[in-house]
Amino acid sequence: MPPADGGPEPAGDAYAPYCLHGTLPLVRDEREASGYRFAQIGQDPPDVCIRHPSDLPAGELTLRSFRSLGEAEGYAAALAEHGGNAFTSLLSPQRVGVDPFLLVIRHDREREPVATLEEAVQLIGPGRPSPVDWSRARAASAATMESTRRQRALLSRWRAEESLVRSLGDAYVTELTDAGVEFMSTGTSARFVLGGHPEASVLSWNRIANRLEPDLARLAEEEIAASGAEAVGTGSYLVRLRELSKEELVRAIATERALAIAAERLSDLSGNRTRLSEIAADPAAARVLARAAAGLPVLSTDSAAPAAQISPKSGTPQTVPATLLGRLIRHGLMIAAWAPGATTRQDPETWCPRLYVPTEAGRLVASGRTVEAAGLVGNLRFPRPEPDAILAASLFRALASMSADMPDDVRLRLGQAVEEHLPGDGENLAHAAGYGRNYSSWSPLVHGALAGVLTLDDTGRLRRGTLPATVSAPLP
């Protein structure tokens, strides 16, 4: 069972045999008035501590315990004031977690011959000092002293390296270790270690190693080889300095930054592949992209409202959820081909919805080439504003330009799909558009113009052309 005063004493306490009632040992020190003082644990070695009663100060010795430092200091002051030369006292050093005590030496009395330190020093006070608490306090003092000695040794060993790091101006030392000077620098999140020795200094660092596809992993290895850095383990790298100089250290830090940017780019590319693969596996997204790649734009009146895309079978607009269209735009797969200007009552073209078409990346995803598409969409981790529309011409000129880029067979099938929904020849555009931004009325106009069977004359009237020959294959 552990003792009631807090558990077993820490093992390996070399001072314990020489401590007065389990507190602290004494050492000789001629600079003190009594010629003695309490040992500085970790600094005074155990073999200089008083071991035998015959080596203790002459006179009657009393160890008085107290509940507070103020009480101990008050008692010592009273002895000095009223005891004269008959008394000398030693106040215990302050320690966390233990009560203070006072060693009182009464010079006008002799003590009886005894065999042990415990018998030579009488214990008086409100409570017995806890040997366990004092043993822990001694262990903490020894650890602190050892840490101080170690830091001094490391500072001596790495003095030139530490001075060089501080000369950078934008770096700060975080720790001295056996491996070298650990520091950080503004502009990078890496934690560097400058170590080695002056004739062969090295700058090393660690970073999180991202899991990459084999082809991207090979690119990462090529980046490392080209930079002059060396991979020395998973996520660990080093640069060998040609000399211990500021210029060389700056060069090595720049190497880390370049590799970090390259790694981030490859990680983004890997993430893009994952995101685009998820979109390609979504049936609704795949259907919208396939139709868009075939030349069927998405019509959108508002980013928060559902959009529409023509059904190749019925020739009527079908709903495209606003969240789906927004997702395709954010991932660089759809872009506005044309956008209306400020709405005016006099210009029906300003009533038309925006027209969204696939980007090159969108066409690649529609054809199942997500790996190629991932390299075209940029960084998808951060939000970005929607780009301006591709075409700035009037609506029907923009549609004519878009029609010119459509394959002939697609244009022919589109004309057949919208034939029965087209307005009559010579009908006024405003009347055909229904005096509003309405999918049902604008879809035949947009797709008829795309198919090349509907134009707008200078008077604002729609003109129907001849439908192409029949094509049996349906649109996507």
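Reckoned from all heavy atoms, side chains included, excluding hydrogens, waters and symmetry mates. These figures come from a predicted structure and were not determined experimentally.
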I want to check something: taking the side chain as every heavy atom from C-beta on, are [X] and [Y] in contact at a cut-off of under 4.5 Å?
X: S65; Y: P126; result: yes
X: D347; Y: P340; result: no
X: L168; Y: S185; result: no
X: W158; Y: T177; result: no
X: I279; Y: L289; result: yes
X: P317; Y: L299; result: no
X: V165; Y: L194; result: yes
X: E73; Y: F66; result: no

Return yes if some donor-acceptor pair links the side-chain N/O of [X] with the main-chain N/O of [Y] below 3.5 Å, else return no.
X: R461; Y: G426; value: yes
X: S300; Y: R354; value: no
X: T350; Y: G341; value: no
X: W351; Y: T344; value: yes
X: Q318; Y: S311; value: no
X: T148; Y: T144; value: yes
X: W442; Y: G434; value: no
X: E427; Y: G424; value: yes
X: Q309; Y: V288; value: yes
X: S443; Y: S440; value: no

Spatial distance of atom [atom1] ([X]) from atom [atom2] ([Y]) [nearest 0.5 Å]:
X: I208; Y: T234; atom1: CD1; atom2: OG1; value: 13.0 Å
X: S147; Y: R152; atom1: OG; atom2: CZ; value: 10.5 Å
X: R464; Y: D425; atom1: CZ; atom2: CG; value: 7.5 Å
X: H447; Y: H421; atom1: NE2; atom2: NE2; value: 11.0 Å
X: L276; Y: T370; atom1: CG; atom2: OG1; value: 6.5 Å
X: I329; Y: I335; atom1: CD1; atom2: CD1; value: 9.0 Å

#### Entry: Residues in salt bridge (Lys or Arg N to Asp or Glu O under 4.0 Å) contact with E146, at least two apart in sequence or another chain
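Listed in chain order: R149.
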### Task
Could I get the full list of salt bridge (Lys or Arg N to Asp or Glu O under 4.0 Å) partners for R240, not counting sequence neighbours?
E230
### Task
Could you check D44, D133, D13 and say which one makes a salt bridge (Lys or Arg N to Asp or Glu O under 4.0 Å) with R138?
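Of the listed options, the one satisfying the test is D13.
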### Query
Do the charged groups of R218 and E221 touch, with an N to O distance under 4.0 Å?
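Salt bridge absent between R218 and E221.
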### Partner set under side chain to side chain donor-acceptor pair (under 3.5 Å) for Q40, not counting sequence neighbours
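For Q40, the residues satisfying side chain to side chain donor-acceptor pair (under 3.5 Å) (neighbours in sequence not counted) are Q43.
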Which heavy atom in [X] sits nearest to a heavy atom in [Y], and how many Å separate them?
X: L24; Y: P93; answer: CD1-CD, 3.5 Å
X: K246; Y: S167; answer: NZ-O, 3.3 Å
X: P46; Y: A14; answer: CG-CB, 3.7 Å
X: L244; Y: E161; answer: CD2-OE2, 3.9 Å
X: S394; Y: E349; answer: CB-OE1, 3.5 Å
X: L445; Y: A432; answer: CD2-CB, 4.1 Å

### Message
Before you tell me yes or no, could you show the steps for V98 and T23 under side chain to side chain contact (heavy atoms under 4.5 Å, CB included), namely the whole-Å CA-CA distance, both residues' side-chain angles and the distance that decides it to 0.1 Å?
### Response
CA-CA 9 Å; V98 290; T23 57; over 6 Å; no
### Message
Before you tell me yes or no, could you show the steps for I41 and M145 under side chain to side chain contact (heavy atoms under 4.5 Å, CB included), namely the whole-Å CA-CA distance, both residues' side-chain angles and the distance that decides it to 0.1 Å?
### Response
CA-CA 8 Å; I41 305 300; M145 190 59 65; over 6 Å; no
### Query
So which pairs with a foot in residues 319-339 pass side chain to side chain donor-acceptor pair (under 3.5 Å), sequence neighbours left out?
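Found D282-R327.
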### Task
Among residues two or more places apart or on two chains, list those pairs meeting side chain to side chain donor-acceptor pair (under 3.5 Å) that have a residue in residues 258-279.
E213-S270, D215-R273, E223-R265, E264-R381, D268-N379, D268-R381
### Query
Between L212 and L269, is a side chain to side chain contact (heavy atoms under 4.5 Å, CB included) present by the stated rule, with each step listed?
CA-CA 9 Å; L212 300 173; L269 185 54; over 6 Å; no
### Message
My understanding is that only one of L399, I310, V357 makes a side chain to side chain contact (heavy atoms under 4.5 Å, CB included) with P297; could you say which?
### Response
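Between P297 and the candidates, side chain to side chain contact (heavy atoms under 4.5 Å, CB included) is satisfied uniquely by V357.
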### Message
Going by side chain to side chain contact (heavy atoms under 4.5 Å, CB included), L203 matches just one of L249, T255, L238. Which one?
### Response
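With L203 as partner, L249, T255, L238 yield a single side chain to side chain contact (heavy atoms under 4.5 Å, CB included), made by L249.
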#### Entry: Residues, nucleotides or ligands: over 12 heavy atoms within 6.0 Å of D170 CG
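For D170, atom CG is crowded (more than 12 foreign heavy atoms under 6.0 Å).
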### salt bridge (Lys or Arg N to Asp or Glu O under 4.0 Å) contacts touching residues 431-458 (sequence neighbours left out)
D457-R463
### Query
So L456 and L462, side chain to side chain contact (heavy atoms under 4.5 Å, CB included) or not? Walk me through it.
CA-CA 5 Å; L456 185 70; L462 296 166; 3.9 Å; yes
